[in-house]
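Below is one structure, written out as structure tokens, with a few remarks after it.
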Amino acid sequence: MKDRKAALRFGSRSAVRLADLAELVRAPAALSVPGDVIAGAVAAGHPLGARTLGIIGSSICLYWSGMALNDYADATVDAVERPRRPIPSGRVPRRTALAVAGGLTAAGLGLAAVAGGRRSLVGALPLAGLVWSYDLRLKAGPAGAAAMAGARALDVLTGALAPGKGPRGNVSVGEALLRGAVPAALVGAHTYTLTALSRHEISGAPARLPTATLAVSTTTALATALPAVRAAATRTGRLPATSRTWPAVLRTGVVAAGALAYLGTYGTAQARAVREPSGENVRRAVGAGILGLMPLQAALTARGGAPAVAAALGVAHPLARRLARRISPT
């Protein structure tokens, strides 16, 4: 006990290392954020330009702020269940985590305002509010999983709200939200399963939970891929095999590959948890689900009509998994 207090005192007086801050905000997990914005922007027909990059930067800041705030709120629990985390180990003072969360939230809102003005703040402000509400109030209650799913869905909608004139001209706020609703709902469904599992990372889960989340994940993958496959089959069946049909075939292939990769990572990890729902297997499923979102985002991006960008998201997935071996995303 004395050693723990001494470590906390020492941690409060010494400079915080950048590596400890990276662990606090679970830095590699932020690689799962750009795909939200990109999938929303592509669905709404927006070009992927400098303003979209600004919205991506805003979303990453808000994501990291939520991670820091999570550890601030869970400091007492982590001291027992995860004593090696930055706050209970004394490497990052608790008040520093709160300051980091506040600073990153301000930075995220500022970037959203600069990149897209009032239009982007329509998505960023409620997203920031939901992040803080989840970490400080809603997380442990029955609305926790729904709140986190809503936050991730809002992240997709911030991409749909990104300003810019697409091939079909300017898109109103209402139309942008409508176009982004389907990818937002699918990302939200994935996030709901992930949050439900994350509550059982330490003690393990009843077998029915990973069974239910695996069913939802499978439905999410099918709902992502089947419309594109059906549309491509109809189009190629009506048209002769010319160069005009190949873009549709390519896009469908990327959609299907993304959906399969999603099930191959997150689905496989959940299947292990179904067989043995121990804390370790549930924790692995959560880690796989955080980064397994990237292939799902790639599939949604390809379905929206940007297979090249989707392929880039798919390439980033193995990189994120390697980084996660150094800094845990959970």
Side-chain angles (χ1 to χ4, degrees), residues 1-34 57-111 128 131-140 144 148 151 194-195 197-204 278-291 293 319-330:
M1 187 68 180
K2 290 181 180 179
D3 291 340
R4 172 58 55 80
K5 290 182 178 179
L8 288 171
R9 286 197 298 269
F10 176 78
S12 66
R13 294 175 184 173
S14 62
V16 178
R17 295 188 310 151
L18 188 60
D20 295 328
L21 289 177
E23 185 179 349
L24 176 75
V25 300
R26 299 160 176 83
L31 288 172
S32 71
V33 174
S58 167
S59 290
I60 289 175
C61 287
L62 293 176
Y63 183 88
W64 278 342
S65 75
M67 291 297 185
L69 190 63
N70 174 79
D71 277 24
Y72 167 81
D74 286 355
T76 303
V77 175
D78 284 347
V80 177
E81 296 183 348
R82 299 182 178 190
R84 294 183 180 180
R85 290 292 303 159
I87 292 177
S89 66
R91 289 175 288 134
V92 176
R94 193 177 180 215
R95 64 175 179 272
T96 299
L98 182 61
V100 168
L104 285 168
T105 299
L109 294 176
L111 279 170
V131 166
W132 279 73
S133 298
Y134 171 80
D135 281 325
L136 298 180
R137 192 78 176 176
L138 300 175
K139 177 166 49 180
M148 180 52 70
L194 191 61
T195 308
L197 286 171
S198 70
R199 296 184 174 187
H200 301 273
E201 289 182 84
I202 304 300
S203 59
S278 64
E280 181 180 359
N281 281 342
V282 171
R283 192 159 52 251
R284 286 177 178 173
V286 171
I290 290 172
L291 299 180
L293 176 59
L319 171 63
R321 293 178 70 181
R322 280 195 290 271
L323 289 174
R325 296 190 187 106
R326 301 181 62 182
I327 301 177
S328 173
T330 66

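When reading the values below, keep in mind they use all heavy atoms of this one structure, side chains included, and skip hydrogens, waters and symmetry mates.
- The line from CG of Leu136 to CG of Leu98 is 8.0 Å long, rounded to the nearest 0.5 Å.
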Please walk me through it: do Leu138 and Met148 pass side-chain contact (heavy atoms from CB on, under 4.5 Å)? CA-CA 9 Å; Leu138 300 175; Met148 180 52 70; over 6 Å; no

Using the rule given for salt bridge (Lys or Arg N to Asp or Glu O under 4.0 Å), can you reason through Arg82 versus Glu201, listing the C-alpha separation, both sets of side-chain angles and the distance that settles it, and then say yes or no? CA-CA 11 Å; Arg82 299 182 178 190; Glu201 289 182 84; 3.1 Å; yes

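- Arg26 has a carboxylate O that lies under 4.0 Å from a charged side-chain N of Asp71, or vice versa, which qualifies the two as a salt bridge.
- Summarising the geometry of Ala79 relative to Pro83, their closest heavy-atom pair is O-CB, 3.8 Å, with the distance given to 0.1 Å.
- No donor-acceptor distance shorter than 3.5 angstrom exists from the side chain of Arg85 to the backbone of Asp78, with no hydrogens or angles considered.
- In this structure, CZ in Arg94 is found 5.5 Å from OG1 in Thr76, a value given to the nearest 0.5 Å.
- Summarising the local packing, CZ of Arg199 is surrounded by more than 12 heavy atoms from other residues, nucleotides or ligands at distances under 6.0 Å.
- Counting only distance, with no hydrogens or angles, the side chain of Ser65 and the backbone of Leu104 share no donor-acceptor pair below 3.5 Å.
- Using a 4.5 Å cut-off on side-chain heavy atoms (C-beta onward), Leu194 and Leu293 make no contact.
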Are Ser58 and Leu109 close enough, and set up right, to give a side-chain contact (heavy atoms from CB on, under 4.5 Å), and what steps lead you there? CA-CA 6 Å; Ser58 167; Leu109 294 176; over 6 Å; no

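- Heavy atoms only, all atoms of each residue included: Ala97 and Val92 are closest at N-CG1, 4.3 Å.
- We find the OH-CG distance between Tyr72 and Leu24 to be 13.0 Å, quoted to the nearest 0.5 Å.
- Between atom OH of residue Tyr134 and atom CG of residue Leu69 there is a gap of 11.0 Å, rounded to the nearest 0.5 Å.
- When all heavy atoms are compared, the tightest approach of Val131 to Leu62 is CG1-O, 4.2 Å.
- The minimum heavy-atom distance between Ile87 and Ala75, with the atom names listed, is CG2-CB, 3.9 Å.
- Pairing each heavy atom of Asp20 with each of Pro86, the nearest pair is O-CG, 3.8 Å.
- Proximity of Ser89 to Arg84: side-chain heavy atoms (C-beta onward) are nowhere separated by under 4.5 Å.
- Going from atom CG of Leu21 over to atom OG1 of Thr96 covers 8.0 Å, rounded to the nearest 0.5 Å.
- To the nearest 0.5 Å, atoms CD1 (Ile290) and CG (Leu31) are separated by 12.0 Å.
- Side-chain contact check for Thr105 versus Trp64: every heavy-atom pair is 4.5 Å or farther apart.
- The shortest non-hydrogen separation linking Leu291 to Ala29 is CD2-CA, 4.3 Å.
- Within 6.0 Å of atom CZ in Arg321, 12 or fewer heavy atoms from other residues, nucleotides or ligands are found, so the atom counts as exposed in its surroundings.
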